[in-house]
Number of protein chains: 2
Amino acid sequence: MLLANFYNICEMNKIKITPQRVEIFKELIKNNDHPSVTKIYQRLKKKYPNISFDTVNRTLQKFVELGLARVVEDFEDFRRYDGVIENHHHFHCIKCHRIIDVFDEQLKEIEIPEGLKNTFNILEAKIIFTGICDKCKSD
Amino acid sequence: MLLANFYNICEMNKIKITPQRVEIFKELIKNNDHPSVTKIYQRLKKKYPNISFDTVNRTLQKFVELGLARVVEDFEDFRRYDGVIENHHHFHCIKCHRIIDVFDEQLKEIEIPEGLKNTFNILEAKIIFTGICDKCKSD
DNA sequence: ATGTTTGCAAATAGTTTGCATCCAG
DNA sequence: CTGGATGCAAACTATTTGCAAACAT
């Protein structure tokens, strides 16, 4: 996502291009380190001491609405527990938030790319499917 | 994970087998619907009105320590944003919490099991690798 | 001009902590 | 008995909301 796209998308959606929004967007894409709201806020506060945490927070949410950004691993915002210890995959329904275990022979051994295997110690590779579940489909 | 294992693991780790722990464990594995603390608390409160939210919360954490349970998609507990819109995978470092984008041709098309494809509307299939990153490996 | 956006402050939700009491071993 | 476990209440953290003032168009 480039800065030029940012302007286009803002105009298309008729949302105002404010200095804060421009700076927040630039900070978001600058080094792609998946920053939190607080991170972006802290970085911007150095250059623009007047910016508020709240604006950063709301702006990032707006960006997600507009398709300019995504929330990292965006599931529910509270902890859930799993009694199944063995490695397995999950399906998340985006409507009812059901989580369904996925056990599949084919997916059991995920091919870990050489680049990754050599650089990091990979402890787990888990597929997370998101979509709409059977119950919610029929609504 | 079975109830018998629960007793064994508690004994092995010399933690007390209290009625609360037994009930919380049974509730966790009963229908494997990935319950939140609040869910388990609410369900148990019907039968055991004296149980406290706090005990449920701490017990579940204890279960994770002992390897009796897992936290679902257990990443950091605050929201992080991604400026990359295109589908891609992530590597999470469990030590420094860096998140690194994984783009890989081989992984681009994840084989979605027929069973899943037929039952749900799958919108995304994303692999989340967890492990220890290059920087943290050398510490 | 005017309706959106901003900054502030207070509220909220989920989780955690401190501590006195209780109970499993 | 005794140290770990429980229940309660208060604290904490991340996020959200309401509102008046400021600004982009």
Side-chain angles (χ1 to χ4, degrees), chain A residues 6-25 27 34-66 68-81 97, chain B residues 6-28 34-66 68-81 97:
Chain A
F6 169 74
Y7 288 104
N8 286 336
I9 287 177
C10 286
E11 275 161 29
M12 272 168 50
N13 288 277
K14 298 192 193 357
I15 76 147
K16 293 181 182 168
I17 295 165
T18 64
Q20 289 95 329
R21 285 186 173 153
V22 175
E23 292 309 315
I24 292 167
F25 186 75
E27 192 57 53
H34 312 84
S36 61
V37 183
T38 307
K39 250 303 162 7
I40 293 189
Y41 171 58
Q42 287 169 340
R43 288 175 185 165
L44 289 178
K45 207 166 50 169
K46 287 176 194 161
K47 274 176 86 178
Y48 312 92
N50 282 335
I51 201 164
S52 80
F53 173 88
D54 191 61
T55 298
V56 178
N57 191 37
R58 274 190 289 206
T59 300
L60 287 168
Q61 287 172 207
K62 180 67 78 174
F63 287 174
V64 173
E65 279 175 42
L66 301 178
L68 284 163
R70 295 183 59 171
V71 178
V72 169
E73 325 323 7
D74 184 20
F75 312 117
E76 283 189 274
D77 47 1
F78 48 84
R79 202 175 294 151
R80 295 174 64 164
Y81 288 89
H97 300 291
Chain B
F6 168 75
Y7 288 105
N8 285 336
I9 287 178
C10 286
E11 275 162 29
M12 271 169 51
N13 288 277
K14 300 189 192 1
I15 75 150
K16 294 178 180 170
I17 296 166
T18 64
Q20 289 94 330
R21 285 186 172 153
V22 175
E23 293 309 316
I24 293 167
F25 185 76
K26 286 203 286 191
E27 192 56 53
L28 174 68
H34 312 85
S36 62
V37 183
T38 307
K39 253 296 162 19
I40 293 188
Y41 171 58
Q42 287 167 342
R43 289 174 186 166
L44 290 178
K45 207 167 48 169
K46 288 176 194 159
K47 273 176 86 177
Y48 312 91
N50 282 335
I51 201 164
S52 80
F53 173 87
D54 191 60
T55 297
V56 179
N57 191 36
R58 274 190 286 209
T59 301
L60 286 168
Q61 287 172 205
K62 181 66 77 178
F63 286 174
V64 173
E65 279 174 44
L66 302 178
L68 285 164
R70 295 183 58 169
V71 178
V72 169
E73 324 323 7
D74 184 24
F75 311 117
E76 284 189 272
D77 47 1
F78 47 85
R79 203 176 291 150
R80 295 175 63 165
Y81 288 89
H97 300 292

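As the structure is a prediction and not an experimental result, all values here were calculated from the model. In what follows, chains are A, B, ... by sequence order, proteins preceding strands, each numbered from 1.
Proximity of B:Lys62 to B:Ile15: side-chain heavy atoms (C-beta onward) are separated by under 4.5 Å at one or more points. Contact annotation: the side chain of B:Arg79 never approaches that of A:Leu60 to less than 4.5 Å [non-hydrogen atoms, C-beta and beyond].
Distance B:Phe53 CZ to D:dG7 P: 13 Å, rounded to the nearest Å. For the pair B:Phe78 CZ and D:dA14 C1', the computed distance is 9 Å after rounding to whole Å. Between the OH atom of B:Tyr81 and the C1' atom of D:dA14 there is a distance of 11 Å, given to the nearest Å. Here D:dG7 presents its C1' atom at 13 Å from NZ of B:Lys45, a figure rounded to the nearest Å. Here D:dC23 presents its P atom at 16 Å from CD of A:Glu23, a figure rounded to the nearest Å. Rounding to whole angstrom units, CZ of residue A:Arg21 and P of C:dT4 are separated by 11 Å. Atom-to-atom, OH of A:Tyr48 to C1' of C:dT5 comes out at 18 Å; the value is rounded to the nearest Å. In this structure, A:Gln42 places its CD atom 13 Å from C1' of D:dA14, rounding to the nearest Å.
Considering only side-chain N and O atoms, A:Thr18 lies nowhere under 4.0 angstrom from the phosphate OP1 or OP2 of D:dA24. Between D:dA5 and B:Arg58, no contact under 4.0 Å exists linking OP1 or OP2 to a side-chain N or O. Phosphate contact (OP1/OP2 of D:dT16, side-chain N/O of B:Arg79, threshold under 4.0 Å): present. In this structure, A:Asn50 does not reach the C:dT6 phosphate: none of its side-chain N or O atoms is under 4.0 Å from OP1 or OP2. The side chain of B:Gln20 contributes no N or O atom lying less than 4.0 Å from OP1 or OP2 of C:dC23.
Contact annotation for B:Gln61: backbone-only contact, meaning every heavy-atom pair under 4.0 Å involves sugar-phosphate atoms and none involves a base.
Each of B:Ile15 and B:Asp54 was assigned the nucleotide of DNA chain C with the nearest heavy atom; the assignment lying further toward the 5' end belongs to B:Asp54.
Remark: the backbone N or O of A:Val72 is not paired with any side-chain donor or acceptor of B:Arg80 at under 3.5 angstrom. Between the side chain of A:Asn57 and the backbone N or O of A:Phe53, no donor-acceptor pair lies under 3.5 Å.
Taking the six-membered ring where tryptophan is involved, the planes of B:Phe6 and B:Phe25 are essentially parallel, since the angle between them stays under 30° and well short of 60°.
Minimum atom distance to the side chain of B:Pro19 is reached by C:dA24, of the listed C:dA24, C:dT15, D:dG7. You'll find that the side chain of A:Ser52 is closest to C:dG7, out of C:dT4, C:dG7, D:dG7.
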